[in-house]
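We number each residue from 1, following the sequence as shown.
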Amino acid sequence: MSDRLVELSHRAKAAEDAVAAAKTQTRDKLTDIVDQARQKAERRADGLLADGDRMLEDVDNRWSGMQAQWKNLVRTVRTEVRDTQASFDATRIQRRADRAEQSADMAVAFALAALEEAEYAVLDATLARADANDAAAGVGPN
């Protein structure tokens, strides 16, 4: 889990650097960067299967569904914490720890996918702004 958080941190920094660098690129290079970011985000989203029976739905188009899932996850974890505090049964506590680790792993995977989508969205917006600026200046697309 800790490795996944480190990956998330490094990925966030890489996305920040990519967006900053994109602002200085030519339109053609920016188009390539946006396409690569979209493909990467799509690959990450496609890989979000957990245990073969859970899949996050259209991360890029279903923000409200994602929020509901997150709230349910938080509610479930909090309920399990209260339940665990009421019982010291070692087997039950072990199962709860396993579920908590799985939930944490899913949350990190979700955060990574959201980061990929965010990078793509910001780069696509940068490209759209460059197109708008070119259009305002009377310059046609390359």
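Residue pairs meeting the salt bridge (Lys or Arg N to Asp or Glu O under 4.0 Å) criterion with at least one partner in residues 12-25, sequence neighbours excluded, are Lys13-Asp17.
Lys40 and Glu119 are not joined by a salt bridge, as no carboxylate oxygen comes within less than 4.0 angstrom of a charged side-chain nitrogen.
Atom CZ of Arg11 sits about 8.5 Å away from atom CG of Leu112, to the nearest 0.5 Å. If you take OH on Tyr120 and CG on Asp35, they are separated by 8.0 Å, rounding to the nearest 0.5 Å. Between Leu30 atom CG and Arg129 atom CZ the span is 13.0 Å, to the nearest 0.5 Å. The structure places CG of Asp124 at 9.5 Å from OG1 of Thr31, a figure rounded to the nearest 0.5 Å.
Listed by chain and residue number, nothing satisfies the salt bridge (Lys or Arg N to Asp or Glu O under 4.0 Å) test with Asp98 (two or more places apart in sequence, or in another chain). Shown here are the side-chain hydrogen bond (donor to acceptor under 3.5 Å, both in side chains) partners of Thr126, two or more places apart in sequence or in another chain: there are none.
A pairwise comparison of heavy atoms in Ala18 and Leu123 identifies O-CD2, 4.0 Å as the closest pair. Between Ala12 and Leu115, the shortest heavy-atom contact is N-CD2, 3.2 Å.
A chain of hydrophobic side-chain contacts below 4.5 Å, direct or via other Ile, Leu, Val, Met, Phe, Trp or Tyr residues, connects Leu127 to Val122.
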